[in-house]
Engineer: 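I have a structure I would like to understand better, so I am pasting it below and will then ask my questions one at a time.
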Amino acid sequence: MNVTPAANGKHKYLVLALLCLGWIINYFDKVAINVAVIPISQEFGLSETQVGLILSSFFLSYAIMQPIGGSLADKFGSRKVILISVVCWSLFTILTGFAWSFLSLIAIRFLFGIGEGSYPSASSVAVAESFPQHERARAKSILTSATTIGAVLATLVAAGLSKHFGWQVMFIILGVVGFLLAALYAKFLYPSGAKAAAAKAATNKLPLKELLKISMLWKLMAIYFGISMVNWGMMSWMPSYMVKVRHLDMVSMGALASIPAILSFFTVLGTGWMLDKKMVGREKHLIAVGSFIGIIALYLLSKAPSVALVVTYQAIASIGLGAAVTTTLTMPLKYISPSSVGAASGLIYLGGQIAGVIAPTAMGFMIQQFNGSYDAAFWLLILATAIPFVVGLTLRTGSPIRQDPPQAVPSSN
């Protein structure tokens, strides 16, 4: 496949569409376990703490791979890293369907995290390779909005497949879909400036020790940690909460879970537009305000007397945190040298995935210790949301880096 500079204008949108599709399928495979643990825990006789360990085992390896995958994408270009990631995560999604015990689930989900862990940072590199700086916030927000679509569809699809075919067949089907995605990427995914960007990064890439001196990166890492404590905690335990505490069936639970995600989708897109057009240099205000909304909404959710109010307050929290997380994830694309976007994004994602390790297990332990009550678990999420609020207020940004992606060079399939 040849990509010429004249074709860049249109080709970048094809790249973005393919990356969005990848994020959606990524979330199918990632979120399915949160629905499947309900029948899995019954079949294997697992406690809430054991369920939390299964969910966290994925995030441990997923976290480790974030900066590694980003650095590899900076060095070799995003395409190779993305292809390898999709093939690996699809394989281990299928193997999840063949798990036979608690320990086998721990091992398979850990390997699944290694396979999937490179994709987030590599997709950010693909955006930097294909879009000029003044369009990257919108492009990244579209990618982030794809995760909300994935979350909506994943819960619905996983609940339906698990109910009609069983959780084992569900994972096999989702893994096969992942391999189809890999074939699509192999044929069409060519970020327009990938080769030139990789060559430029070889000489201009910031060493890791220099990246670690950038205080903004540490703050963004802490902010993403706090937001991800809420996102992964809610994603891991809200299905069980709605079924066990609010007494919904799995299909109804999946349908109601789509409401907050849909509102988050529109919030993310709107935030991306604001970041490019109206909020340059003032990003911290979106993070602080969004986090404050999240704190209030989560507190009200923990006290909600009805299912309708639970969904309402969860939706409000999703709007606030959606604005905050979109802002956080776009900032490396605007304020970090393009040759180091992958490594910088990987460090920020690392903070989020550390939260993914902690939140499911900590919440499961609290629920078990309090005899099935979710009150203490919700308070953990409220306190976590205070982190992006406080740290966000301390952010200081300079002028955005005005550097467009390198011109494409011909590449062949």
Side-chain angles (χ1 to χ4, degrees), residues 27-62 92-113 116 151 154-175 229-257 307 310 314 355-378 380-381:
Y27 260 67
F28 269 45
D29 296 353
K30 187 185 301 181
V31 173
I33 190 68
N34 302 324
V35 175
V37 292
I38 299 172
I40 286 173
S41 62
Q42 295 172 347
E43 183 173 331
F44 293 156
L46 305 179
S47 67
E48 283 83 357
T49 300
Q50 287 176 310
V51 169
L53 288 170
I54 291 171
L55 298 175
S56 292
S57 62
F58 157 77
F59 288 104
L60 178 60
S61 55
Y62 193 60
F92 290 111
T93 297
I94 291 175
L95 290 179
T96 303
F98 292 93
W100 62 93
S101 67
F102 168 67
L103 290 179
S104 69
L105 276 168
I106 291 281
I108 292 170
R109 297 307 291 180
F110 182 85
L111 294 172
F112 173 69
E116 197 169 83
T155 305
L156 289 169
V157 170
L161 290 176
S162 180
K163 180 178 180 179
H164 289 96
F165 300 105
W167 63 270
Q168 295 94 338
V169 175
M170 175 191 70
F171 282 112
I172 294 171
I173 292 172
L174 293 178
M229 282 288 292
V230 180
N231 288 343
W232 293 122
M234 296 283 281
M235 197 172 294
S236 299
W237 284 104
M238 280 304 286
S240 297
Y241 173 77
M242 297 298 269
V243 170
K244 294 181 179 180
V245 178
R246 298 295 177 168
H247 309 297
L248 299 177
D249 62 80
M250 290 182 65
V251 174
S252 298
M253 174 275 297
L256 288 175
V307 170
V310 168
Q314 187 181 355
V357 174
I358 296 171
T361 299
M363 289 184 68
F365 177 77
M366 289 179 174
I367 294 165
Q368 183 173 336
Q369 291 300 113
F370 287 87
N371 299 315
S373 171
Y374 282 67
D375 288 347
F378 283 133
L380 173 65
L381 302 185

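Every value quoted in this text rests on a predicted model; they were computed, and no experiment measured them.
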Engineer: Show your working on side chain to side chain contact (heavy atoms under 4.5 Å, CB included) between Met242 and Val307 and close with a plain yes or no.
Structural biologist: CA-CA 8 Å; Met242 297 298 269; Val307 170; 4.0 Å; yes

Engineer: What residues form a side chain to side chain contact (heavy atoms under 4.5 Å, CB included) with Ala32, not counting sequence neighbours?
Structural biologist: Ala158, Met170, Phe171, Leu174

Engineer: Rounded at 0.5 Å granularity, tell me how far CE in Met234 sits from CZ in Phe378.
Structural biologist: 6.0 Å

Engineer: Heavy-atom distance under 4.5 Å between the side chains of Leu161 and Val35, does that happen here?
Structural biologist: no

Engineer: Measure across Ala377 and Ile367 and return the closest heavy-atom pair with its distance rounded to 0.1 Å.
Structural biologist: CB-CG1, 4.2 Å

Engineer: Go through the structure and list residues passing side chain to side chain contact (heavy atoms under 4.5 Å, CB included) with Phe112, not counting sequence neighbours.
Structural biologist: Asp29, Phe58, Trp89, Phe92, Thr93, Arg109, Glu116

Engineer: Can you see which heavy atom on Ser41 is nearest to which on Val51, and at what distance?
Structural biologist: CB-CG2, 3.9 Å

Engineer: With rounding to the nearest 0.5 Å, note down the distance linking OH in Tyr374 to CZ in Arg246.
Structural biologist: 11.5 Å

Engineer: Rounded to the nearest 0.5 Å, what separation is found between the OG atom of Ser61 and the CZ atom of Phe110?
Structural biologist: 5.0 Å

Engineer: Can you name the nearest heavy-atom pair linking Ile94 to Gly175, along with the distance?
Structural biologist: CG1-CA, 3.5 Å

Engineer: I'd like to know whether CZ of Phe44 has more than 12 heavy-atom contacts from other residues, nucleotides or ligands below 6.0 angstrom.
Structural biologist: yes

Engineer: If you look at every heavy atom in Ala36 and Trp167, which pair is closest and at what distance?
Structural biologist: CB-CB, 4.1 Å

Engineer: Can you name the residues that form a side chain to side chain contact (heavy atoms under 4.5 Å, CB included) with Phe102, not counting sequence neighbours?
Structural biologist: Leu46, Gln50, Leu53, Ile54, Ile106

Engineer: Would you give the length of the straight line joining atom CH2 of Trp237 to atom CH2 of Trp232, rounded to the nearest 0.5 angstrom?
Structural biologist: 15.5 Å

Engineer: CG/Leu105 to CG/Leu95 distance, rounded to the nearest 0.5 angstrom?
Structural biologist: 11.5 Å

Engineer: Walk me through whether Phe165 and Ile172 qualify under side chain to side chain contact (heavy atoms under 4.5 Å, CB included).
Structural biologist: CA-CA 11 Å; Phe165 300 105; Ile172 294 171; over 6 Å; no

Engineer: Look up atom CG in Leu256 and atom CD in Gln314, then write down how far apart they are to the nearest 0.5 Å.
Structural biologist: 9.5 Å

